[in-house]
Amino acid sequence: MSVIRILFLGDIVGEPGRKAVIDQLPILKQMESLEFIIVNGENAAGGKGITPRIAIDLLRAGAAVITTGDHVWDQPEIVDYFPTEPRLLRPLNYPDGTPGCGSVVLETPKGRVAVVQVQGRSFIQPPLENPFLAAEKEAARLRADGVTAIIVDMHAETTSEKIAMGRLLDGKVSAVLGTHTHVQTADDSIFPGGTGYLTDAGMCGPEESILGRSIESVVWRFKSSMPTRFPIAKGPVRLCGAILDVDMETGACLAIRRLSLLLADRAAGTPG
Ligand SMILES: [Fe+2]
Ligand SMILES: [Fe+2]
């Protein structure tokens, strides 16, 4: 049996998050025998979107694919970069003609791996096409093309919408992993059809924060109801995600394990 080990990292937040990811990916790759790495980069540029430069840095550090989400267009220069870089994804369920793609298939020594991203529609903007129909159709297309290992990033706000996506795609894809809410959930599981599932992979960003932003600014916003800026928080970073073992013949997820790693000393690259 041929098995591939895949790392999926949740939303990378700002400079602290992306520096920690870039520092740690080569170490993690070796320590965990990783063969394919997917990262969500929608908050990598100061919390708002991703720039071409940051995408290049993440790919060079070892990411095979970068997914995004509702913040995908926050940095205007990314629009023209999309057609040049198929390994950078935006949600699949944008209207036809939108720059970029929501799905990519890459060759690996173990065979082809597909990554698909969809965005939910509950409490999240902008309103996109139906993600359930889009994901189901894309999974069927990929499988008809002979791709078995298919990882789906479900970028959504509500747990129900994410679980529904996981259940819909059970037996049709290798894993459905949630992003956007930045708080890792503890419901990692393998559904009866063989699909690995986790409602929220969590974020890669400062531990002492509110979703990666400074605690004081967010608390002040809620107390005052006044508009304000939310600077990226400082301090030690936690990397969150999941490690999956996928059977390349059937596409089934054989194991899913949450990763939650507090980096005590980022400069020294020492996990703590
Ligand atoms: Fe995010
Ligand atoms: Fe998001």
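When a ligand or atom number is given, it counts from 1 through the structure's own listing order.
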**Study point:** the Fe ion (ligand 1) - name of the N/O/S atom of His182 that sits closest to it
**Key:**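 It is NE2 of His182.
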
- Task: Could you tell me which N, O or S atom of Asp11 is nearest to the Fe ion (ligand 1)?
- Result: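 Looking only at N, O and S atoms of Asp11, the one nearest the Fe ion (ligand 1) is named OD2.
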
Open item on the list: Is it the case that the ring center of Phe230 lies less than 6.0 angstrom away from the ring center of Trp220?
Closed with: no

Among N, O or S atoms, His180 approaches the Fe ion (ligand 2) most closely through ND1

The atom name of the N, O or S atom in Glu42 nearest to the Fe ion (ligand 2) is OE2

In terms of side-chain geometry, is the basic nitrogen of Glu32 or Arg257 positioned less than 4.0 Å from the acidic oxygen of its partner?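 A salt bridge links Glu32 with Arg257.
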
Could you tell me whether Arg53 and Asp57 make a salt bridge, using a distance below 4.0 angstrom between a side-chain N and a carboxylate O?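 Yes, charged N to carboxylate O under 4.0 Å.
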
Check your understanding: Hey, is the Fe ion (ligand 1) within less than 2.8 Å of some N/O/S atom on Asp70?
Key -> no

(Q) With respect to the Fe ion (ligand 1), please indicate if Thr179 possesses an N, O or S atom at a distance under 2.8 Å. (A) no

Single hit among His180, His71, His182 for ring-ring contact (aromatic ring centres under 6.0 Å, His included) with His155: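 Of the listed residues His180, His71, His182, the ring-ring contact (aromatic ring centres under 6.0 Å, His included) partner of His155 is His180.
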
Charged tip of Arg167 within 45° of Phe191 ring normal and under 6.0 Å |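 Judged by the rule (NZ or CZ under 6.0 Å from the ring centre, within 45° of its axis), Arg167 counts as positioned above Phe191.
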
